[in-house]
Amino acid sequence: MKPLDHLEHLDKHLVDELAQVARETVRDELREQTRRQRRKAALYAASGALALYAGAALALAVGLALALGLPDWASALITAVILGALAYVLRGMARPSRPGPDHVSGTAPGGDGARRTAAGATGGMPYPPVPPAPPAEAATPGPVPPRPSQAPDVPHRRA
């Protein structure tokens, strides 16, 4: 028996113990972070609920103030229109910025009029610009593989 054979057992025991300590440390840290995030989420939810009730109370106050000089139905209708207009403005503020004048015409910046962008059709981001020529290494293409006799996505059926 070699004199260092008993140290191999100690090394393995030490590695296992270090791994256990590391796991417990990481678990405790994640538990603490989760606890903080859960508390923050609860506070955001509570503030959102209170803001909703505050908005409802404000809408009610506007409706009641208008009801002093108008019929009840008219004040409710005016309050609904005001809230709808505010919702429309907030929705517009939440969307990304409007595309520039190049996107309205449906052409890519610096491109010819025949090329259409996705922004013109869907209101999204345009396609990246297309280079005028292919890269130099693609100028001499290699052999083209033969085209399959049937589409690979279509299941083959035997009659």
Side-chain angles (χ1 to χ4, degrees), residues 6-135 137-138 148 151-157:
H6 67 282
L7 291 180
E8 181 179 315
H9 175 70
L10 290 177
D11 287 345
K12 186 174 181 178
H13 180 68
L14 183 62
V15 167
D16 290 342
E17 191 174 333
L18 284 174
Q20 181 68 25
V21 168
R23 278 193 297 268
E24 289 174 3
T25 305
V26 169
R27 187 179 301 132
D28 290 343
E29 182 65 29
L30 287 175
R31 190 173 290 137
E32 181 63 29
Q33 286 179 0
T34 304
R35 188 177 298 126
R36 281 183 289 192
Q37 293 293 332
R38 193 179 306 136
R39 183 174 184 270
K40 191 183 294 186
L43 290 175
Y44 272 121
S47 69
L50 289 177
L52 179 68
Y53 284 118
L58 180 65
L60 179 65
V62 168
L64 290 175
L66 287 173
L68 292 175
L70 296 172
D72 292 341
W73 66 268
S75 62
L77 183 64
I78 291 171
T79 304
V81 168
I82 290 171
L83 289 174
L86 283 173
Y88 183 76
V89 168
L90 289 175
R91 189 187 97 193
M93 289 173 59
R95 288 189 173 180
S97 63
R98 297 277 183 231
D102 289 339
H103 298 286
V104 173
S105 65
T107 60
D112 58 88
R115 279 191 286 172
R116 289 253 180 217
T117 62
T122 61
M125 296 297 295
Y127 292 117
V130 178
E137 62 267 1
D153 293 0
V154 178
H156 303 292
R157 295 184 188 206

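Remember, it's a predicted structure, so these values are computed and weren't measured experimentally. We count residues from 1, following the sequence as given.
- To the nearest 0.5 Å, atom CZ of residue R23 and atom CG of residue L18 are 10.5 Å apart.
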Notebook entry, point to check: Run the side chain to side chain contact (heavy atoms under 4.5 Å, CB included) check on D28 and R31 step by step: do they pass?
Noted result: CA-CA 5 Å; D28 290 343; R31 190 173 290 137; 3.5 Å; yes
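- Listed by chain and residue number, nothing satisfies the side chain to side chain contact (heavy atoms under 4.5 Å, CB included) test with Y53 (two or more places apart in sequence, or in another chain).
- Checked for salt-bridge contact, E32 and R35 meet the test: a charged N lies under 4.0 Å from a carboxylate O.
- For the pair L66 and S75, the tightest heavy-atom approach, listed with the atom from each and the gap, is CB-CB, 3.5 Å.
- Taken to the nearest 0.5 Å, the CG atom of D72 stands 12.5 Å off from the CG atom of L77.
- Between Q33 and R36 there is a side-chain heavy-atom pair separated by less than 4.5 Å.
- Here the shortest heavy-atom pairing between A59 and L83 reads CB-CD1, 3.8 Å.
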